[in-house]
Amino acid sequence: MTAEVAATDGAATRRSGAEILVDCLRRQDVDQVFCVPGESYLAVLDALHDVADDVRLVVCRQEGGAANMADAYGKLTGRPGVSFVTRGPGATNASIGVHTAFQDSTPMVLFIGQVARGFKDREGFQEVDLVAMFRPLAKWAAEIDDPRRLPEYVHRAFQTAMAGRPGPVVLVLPEDMLSEQVAVPVDAGRRADPVPAAPRPDQMEAFAALVAEAKRPLMILGGGGWTAKARDDLLAFADRAQVPIAASLRCQDYVPNTHPLYVGHFTIGAEPQLVKRLAEADLVVAFGTRLGEMTTAGYRLLTAPRTRQTLVHIHADSEELGRVYQADLPINAGLAPFAAALAALDAGAGAPMRRAWVQSLKAEHDASYVPLPNAGAVDLPEVFRHLQEVLPDDTIVTNGAGNYTGWVHKYWRFSAFRSQLAPTSGAMGYGVPAAVAAKLTCPDRTVLSVNGDGCFLMNGQEMATAVQYGAPIIYLVINNGMYGTIRMHQEREYPARVFGTDLHNPDFAMLARSYGLAGLRVERTEDFAQALDTILQSPTGGLIELIVPQEALSIRSSLSALRAAALDRQAAQHNAITHPASNQGNRR
C-alpha cells in the first residue's frame, strides 16, 4: 500500500527533519524497520511512534543483528531492507550487514545517527567520518545536512539500492538536522522502482545462435534482483532448449532442486562430477552471477580472464561485465527483462541432441544426495532427511558460515523461490537474525535456522528479539566445540598444531530455555525426531543442540584423515629437501 503522507498537498506546515524522513519512508512503502535505539536519532523514534500501525519497529539486541535482518528482508522481498543505528559503535557493529548486502547484491538502506552539525570534525562523542567509512562497503554513502533535501536523498537511496546490481546504501543523519523544524511545503517524493536495462534484439539473436550450436551447454544462476516470474520465464526457455541449470554459491532456491533441469550447486567444495561437467561444457551461460571467487573455486573452474568454453555473461551492472571474465557475448540487462526475452525466444533448435547431456547431469546430481558417513552418534544426513520430510516445502532455511553449512547445502532440496537465506560473503552470525526477519516478514511460513556453535554465538542474542515479537523459529546448533572451517585449514597447513580454534561452549539448550524457548540436547540420531516434534509443538519455537565430535570435520573429510594426509605431505616435502639426490634420478 502507498501510505498517506502528510504535507504533500502544497499546504505550508511545520515538520521536523525526522517527521519528513518518516514521511519519505512511508512513500517508499517501508513497512518494517530494524534498529537498535540510539540518542542520535531519538527524533526518528518519536516520529515512528505516530505511524506504528503502518511501520513496525523491530528493536534488536545488537546492530549487526539489525543490519543482517535488513539484508534478509531485502532478499525476501526485493525491496530495500531498512535499518537504523546510532553513530560510532552502532555504525561499526552494523558494518558487517552492509558488507554482506554488498557482496550478496541485496537492496538495503542503513540510516545512521550522527553528531550535531556544529560538532562535526571535533571528534565529538562517538564521532566517525561515516561517509568515508562506508564508501568502500556500499553502493553510495552520503550525509544529509538540510532536512529540506531528505526526500531527494531518500528517493535516490532506494533507487540506487535497487538499480543495476542491487546493494546497500548508507545515509548519515546529524542529530540536530533531524530535530530542525521546516516551515515549508514538504513533498515526500515518488516511490522508487528499479528501471532495468533490456537486451537488444541483436544480442538475443546472437545468444540463440550460440545455444543452437552448443552440444554441452551449462547455465549458472546467481546474483540479486531475481523474481518468481523471471525464474518461470527462464525455466520455460531452458525446457524448450534443453539447457541444464546450476546455482552459484548459496543461490540454490532460484530453481526447484527437483526440477529436471537443475543439476547442482557451485558451492565451496562443489560436487566433483559437476566440476567435471563444467570442464566438459562447450557453452557456459552465466546469468546474474558475478562468477566470484567462491563459485569458481578461486577462478580455477573457469579460467580468468578468458574461459576455454564459450562464455555468455548476462548481468544487470555494466561494470561487472569484463571485470574478471571477458565474455564472448556480454549482455547488460536486468534479470527479469532478459528472462522475459528468453521466454519468447525460439530455442528448439538442437534441443534433441542436448537431451542426453541434461539427463546425465541430472542423474549425477540426484545421486549426490546419497548420504556420506560422518563420525559420531548423530547422523547429520539423516537429520536433514527427516527435517525435509516433516517440514513444509516452502520452509525458509537460514544459515551463517562454517563447515556445518556443507550438510545444509548438500542434503536440503530447496523447492520454493526465496527459501534460502545465506550470506555469500561468508559472514558468520547470519543465521539467527536472518531467521527472525524471515519469520516477521513471512509469518505463515516455517523458518529453520541452522547454525554452528561458533556461528550461533555471534548473534544468538537475537533469539530474544524473536521472542519479544512472537516469532516462533526452529533453531539448530551443530556443536562440535571448535571453529570448524579454520580448524580444517589449520590441520591442512599446520597438522596436529591445534591453537586458537577450540571453543568452550555454554549449554545451548539451557540457554534457549532462559530466553523462554523450548531447548533440547540431542546426542543420538534416534532422539532427533522426538526433539523436533517437541519444538514444533512449542508456541515460542525452540532450539535443538546437536552434539557432533570434532572428527566430523566436513561432509567429505574426517579430522584424522585430513591430518594424516597433511603429515604425509609434509614428510614428503621434508624428504625432498633433505635428500634431493634421491629425487632427481640418474643424470649422465
Side-chain angles (χ1 to χ4, degrees), residues 75 100 103-106 218-224 226 244-259 261-279 281 284 286-302 324 361-362 364-372 374 380-381 384 387-388 396-415 418-428 430-431 434 448 450-452 455 476 478 484-486 488-489 492 552-557 562:
K75 283 183 169 68
T100 297
Q103 290 223 319
D104 287 25
S105 302
T106 306
L218 179 60
M219 183 177 287
I220 305 174
L221 305 186
W226 282 90
I245 299 171
S248 64
L249 177 67
R250 294 176 174 167
C251 295
Q252 292 167 273
D253 60 336
Y254 288 8
V255 171
N257 295 177
T258 54
H259 193 281
L261 294 168
Y262 181 79
V263 298
H265 176 213
F266 284 103
T267 182
I268 302 166
E271 295 292 339
Q273 71 273 11
L274 182 60
V275 171
K276 179 175 179 289
R277 293 300 193 171
L278 177 61
V284 173
F287 191 3
T289 175
R290 294 188 301 115
L291 294 176
E293 178 188 353
M294 294 296 101
T295 293
T296 62
Y299 309 104
R300 290 182 292 108
L301 301 187
L302 291 170
V324 177
L361 267 68
K362 183 61 177 177
E364 291 169 350
H365 171 66
D366 289 344
S368 71
Y369 288 106
V370 174
L372 299 175
N374 67 261
L380 291 175
F384 283 100
L387 284 165
Q388 188 104 63
I396 299 172
V397 182
T398 75
N399 62 260
N403 272 12
Y404 74 91
T405 64
W407 281 278
V408 185
H409 298 156
K410 182 172 177 62
Y411 295 114
W412 186 272
R413 298 195 188 200
F414 292 89
S415 298
R418 290 286 64 175
S419 58
Q420 180 180 39
L421 298 177
T424 65
S425 68
M428 296 178 69
Y430 185 85
L448 171 66
V450 186
N451 310 269
C455 199
L476 292 189
I478 300 173
T485 302
I486 311 306
M488 178 180 69
H489 292 297
R492 183 181 292 128
L553 186 61
S554 71
I555 58 172
R556 291 196 181 89
S557 179
L562 183 66

Partners meeting side-chain hydrogen bond (donor to acceptor under 3.5 Å, both in side chains) with [X] (sequence neighbours left out):
{"X": "Gln273", "result": "none"}
{"X": "Tyr404", "result": "none"}
{"X": "His259", "result": "none"}
{"X": "Ser105", "result": "Arg165"}

What residues form a side chain to side chain contact (heavy atoms under 4.5 Å, CB included) with [X], not counting sequence neighbours?
{"X": "Ser415", "value": "Asp393"}
{"X": "Ile268", "value": "Leu249, Met294"}
{"X": "Thr485", "value": "Asn403, Met488, His489"}
{"X": "Ala286", "value": "Thr289, Leu291, Leu311, His313"}

*Please name the pair of heavy atoms, one in Val263 and one in Leu274, separated by the smallest distance, quoted to 0.1 Å.*
O-CD1, 3.8 Å
*Identify the two heavy atoms, one from Gly222 and one from Cys251, that lie closest to each other, and give their separation to 0.1 Å.*
CA-SG, 3.8 Å
Supply the atom-to-atom distance [X] [atom1] to [Y] [atom2], rounded to the nearest 0.5 angstrom.
{"X": "Leu372", "Y": "Leu380", "atom1": "CG", "atom2": "CG", "value": "11.5 Å"}
{"X": "Thr405", "Y": "Asn399", "atom1": "OG1", "atom2": "CG", "value": "5.5 Å"}
{"X": "Trp407", "Y": "Ser554", "atom1": "CH2", "atom2": "OG", "value": "6.0 Å"}
{"X": "Leu302", "Y": "Ile220", "atom1": "CG", "atom2": "CD1", "value": "5.5 Å"}

_Does anything in residues 402-415 form a salt bridge (charged side-chain N to carboxylate O under 4.0 Å, His left out)? List the pairs, not counting sequence neighbours._
Glu271-Lys410
*Partner set under ring pair (Phe, Tyr, Trp, His ring centres under 6.0 Å) for His365, not counting sequence neighbours*: Tyr262, Tyr369
_Applying ring pair (Phe, Tyr, Trp, His ring centres under 6.0 Å), can you list everything that pairs with Phe266, at least two apart in sequence or on another chain?_
none
*Contacts of Arg418 that satisfy salt bridge (Lys or Arg N to Asp or Glu O under 4.0 Å) - sequence neighbours left out*: Asp253
